Amino acid sequence: MPDLTSPSALIPAASIGLLLLGYGLRRYRWAPYCMLAGAFGLLGVLLYRVSVAIG
C-alpha cells in the first residue's frame with residue numbers, strides 16, 4: 001500500500017482538489033486562478049516523475 005503522507009501522493013491529490021474546487025465554483029472571480037494553480041501542480045508532478053524515470 002502506498003504511503004499517503006508522502007509528497008508524491010499529497011501534491012497530485014491537492015492539485016486535483018484545486019482543479020475540482022475551481023471548476024465547481026466557476027462563478028467566483030478567483031476560480032480560474034485556483035484551477036491554474038492545480039494545473040501547474042499536476043504539470044510539476046508530471047515533470048518530476050519524468051525526470052526521475054529518465055535518471
Side-chain angles (χ1 to χ4, degrees):
M1 184 159 185
D3 181 18
L4 297 178
T5 60
S6 70
S8 63
L10 286 178
I11 293 172
S15 298
I16 291 170
L18 283 171
L19 282 170
L20 291 175
L21 180 72
Y23 185 75
L25 301 173
R26 290 185 305 268
R27 64 180 173 197
Y28 294 108
R29 193 176 56 146
W30 50 266
Y33 301 111
C34 187
M35 290 189 288
L36 191 63
F40 276 119
L42 287 177
L43 182 65
V45 168
L46 176 68
L47 288 175
Y48 173 74
R49 299 272 171 108
V50 167
S51 68
V52 166
I54 289 174

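Side-chain atoms are counted along with the backbone in the values below, which use heavy atoms only and exclude waters and symmetry mates. All residue numbers refer to positions in the sequence shown, counting from 1. A quick note: this is a predicted structure, and the numbers were derived from the prediction, not measured.
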* So if you build clusters from Ile, Leu, Val, Met, Phe, Trp, Tyr with side-chain heavy-atom gaps below 4.5 Å, do L20 and M35 land together? -> yes
* **Nearest heavy atoms of L25 and A31, plus distance in Å** => O-CB, 3.1 Å
* Among all residues two or more places apart in sequence or in another chain, which pass the side-chain contact (heavy atoms from CB on, under 4.5 Å) test with V50? -> L46, I54
* **Partner residues of L36 under the side-chain contact (heavy atoms from CB on, under 4.5 Å) criterion, sequence neighbours left out** => F40
* Contact list for residues 5-28, test ring pair (Phe, Tyr, Trp, His ring centres under 6.0 Å), sequence neighbours left out -> Y28-W30
* Other ILVMFWY residues reachable from I11 by side-chain steps of under 4.5 Å -> V45
